[in-house]
Amino acid sequence: MATNNKRPARATPTPVPTNPGGRSRSTWIAIIGVLALIALAAVIAIVSTGDDSNSTARQPTVSTGSTGGTGSTGSSPAAIEETRPVTVTGTALPSFPESGTDPALGVVAPTVAGASFDGAPVSIQPGQPTLVVFLAHWCPHCQREMPLLVKWNSAGQVPAGLQVIGVATSTTSDRPNYPPSKWLRNGGWPWPMMADSSDTAAGVAFGLTSFPYFVMLDKAGKVLWRTSGEIEITALTKMITDSLAAG
């Protein structure tokens, strides 16, 4: 009898599972591929949303700067300085007298160019009726008057067409309520505020002798009146409106 030398056929063995759930390697590869596609689609969606120039969630960073500054766009706030250089063009007004007729009435005030605490340009010059308010951070009368002026503005009582410019003067770090930039910012001062020079050049140019000190100029830069000390807001408003009407 002939001998059959052929080996019996062997069934293909079942691979040993490579994971506890019994899924095959190919199944896991397919799952991982799907997950990768989902993650890629999510990243693309996020990037697309970030590039939307009309998105209201993306706001520029604005530096608050200091009182009287216009503020600047950017991530770095402007440097704050409590005094700034001041340039005076023209003849200084005579000192404000304690009594009697003011010798500066009708005189053209000098042009004063300076900057706010954060370096924004601030100038006192002809062009429109202007009330110049000189304040010293350590002066108790100024500390009482400043909130009244802020309320005057917020109540809409400032005469139409009037420009108000503040000057922080006689600044010194060894006196109370320093620094003036913080005092005025916290108090909500709403108008441009010039930081006077360390030698009070702006104050000298306007004949400053005491605080608070007010100088009213017409649109040509002429002095309509000057006064010092605390003043009630109703009286201040009347002084301004009467002088503008007369001019």
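What you see below is based on every heavy atom in this structure, not just the backbone, and it leaves out hydrogens, waters and symmetry mates. Worth saying up front: this structure is predicted, and the values here are computed from it rather than measured.
Side-chain atoms of Pro110 and Thr91, non-hydrogen and from C-beta on, never get closer than 4.5 Å to each other. Using a 4.5 Å cut-off on side-chain heavy atoms (C-beta onward), Lys151 and Ile233 make no contact. The closest side-chain heavy-atom distance from Phe96 to Asp102 is below 4.5 Å. In this structure the side chain of Pro212 reaches within 4.5 angstrom of the side chain of Cys142, judged on heavy atoms. For the pair Pro126 and Thr111, the minimum side-chain heavy-atom distance is below 4.5 Å. Counting heavy atoms from C-beta on, the side chains of Tyr213 and Thr169 never come closer than 4.5 Å.
Residues passing the ring-ring contact (aromatic ring centres under 6.0 Å, His included) test with Phe206 are Phe134, sequence neighbours excluded. Under the ring-ring contact (aromatic ring centres under 6.0 Å, His included) criterion, Trp183 pairs with no residue at all, not counting sequence neighbours.
Contact between Pro103 and Pro94 at its shortest, heavy atoms only, is CG-CG, 3.8 Å. Listed here is the closest heavy atom pair of Gly187 and Met146: CA-CE, 3.8 Å. Residues Met193 and Gly166 come closest through the heavy atom pair SD-C, 3.3 Å. Across all their heavy atoms, Leu162 and Gln128 have their closest contact at C-NE2, 4.3 Å. When all heavy atoms are compared, the tightest approach of Ser210 to Ser228 is OG-OG, 3.0 Å. Between Ala201 and Val88, the shortest heavy-atom contact is O-CG2, 4.0 Å.
At most 12 non-hydrogen atoms from other residues, nucleotides or ligands lie less than 6.0 angstrom from CD of Glu98.
In terms of hydrophobic clustering, with Ile, Leu, Val, Met, Phe, Trp and Tyr side chains grouped at heavy-atom distances under 4.5 Å, Trp225 and Val164 are assigned to a common cluster. Both Val150 and Ile240 are part of a single hydrophobic cluster, where members link through side-chain heavy atoms under 4.5 Å apart. By the rule that hydrophobic residues join a cluster once side-chain heavy atoms approach within less than 4.5 Å of another member, Val204 and Val132 end up as members of separate clusters. Val107 and Leu208 fall within a single hydrophobic cluster, where Ile, Leu, Val, Met, Phe, Trp and Tyr are joined by side-chain heavy atoms under 4.5 Å apart, directly or via other members.
A distance of 8.0 Å separates OG in Ser173 from NE2 in His137, rounded to the nearest 0.5 Å. To the nearest 0.5 angstrom, Met216 atom CE is 4.0 Å from Leu244 atom CG. Interatomic distance, Thr130 OG1 to Leu217 CG, rounded to the nearest 0.5 Å: 6.0 Å. For the atom pair OG1 of Thr227 and CG of Leu236, the computed distance is 9.0 Å after rounding to the nearest 0.5 Å. Rounded to the nearest 0.5 angstrom, Phe211 CZ and Gln143 CD are separated by 12.5 Å. With rounding to the nearest 0.5 Å, the separation of CZ in Arg175 from SG in Cys139 is 9.0 Å.
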In sequence, state the C-alpha distance, the side-chain angles, and the governing distance for Glu81 and Phe117, and then conclude on side chain to side chain contact (heavy atoms under 4.5 Å, CB included). CA-CA 5 Å; Glu81 295 184 16; Phe117 299 113; over 6 Å; no
The test is side chain to side chain contact (heavy atoms under 4.5 Å, CB included); show your working for Phe214 and Met239 and say whether it passes. CA-CA 11 Å; Phe214 302 84; Met239 291 171 63; over 6 Å; no
Residues Arg226, Leu93; criterion side chain to side chain contact (heavy atoms under 4.5 Å, CB included); working and verdict: CA-CA 11 Å; Arg226 299 188 295 179; Leu93 297 177; 3.8 Å; yes
May I have the step-by-step check of side chain to side chain contact (heavy atoms under 4.5 Å, CB included) for Val133 and Trp191, ending in yes or no? CA-CA 10 Å; Val133 182; Trp191 302 288; over 6 Å; no
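The one candidate from Leu135, Val86, Ile124 that meets the side-chain contact (heavy atoms from CB on, under 4.5 Å) condition with Val167 is Ile124.
Judged purely by atom type and a 3.5 angstrom limit, Asp196 uses its side chain to pair as donor or acceptor with the backbone of Gly203. With Glu145 contributing its side chain and Gly229 its backbone, the two residues share no donor-acceptor pair below 3.5 Å. Distance alone, capped at 3.5 Å, places no donor-acceptor pair between the Trp138 side chain and the Thr172 backbone.
With salt bridges taken as basic N to acidic carboxylate O contacts below 4.0 Å, one links Asp242 and Lys238.
Donor-acceptor pairing under 3.5 Å is recorded for the side chains of Trp152 and Thr237.
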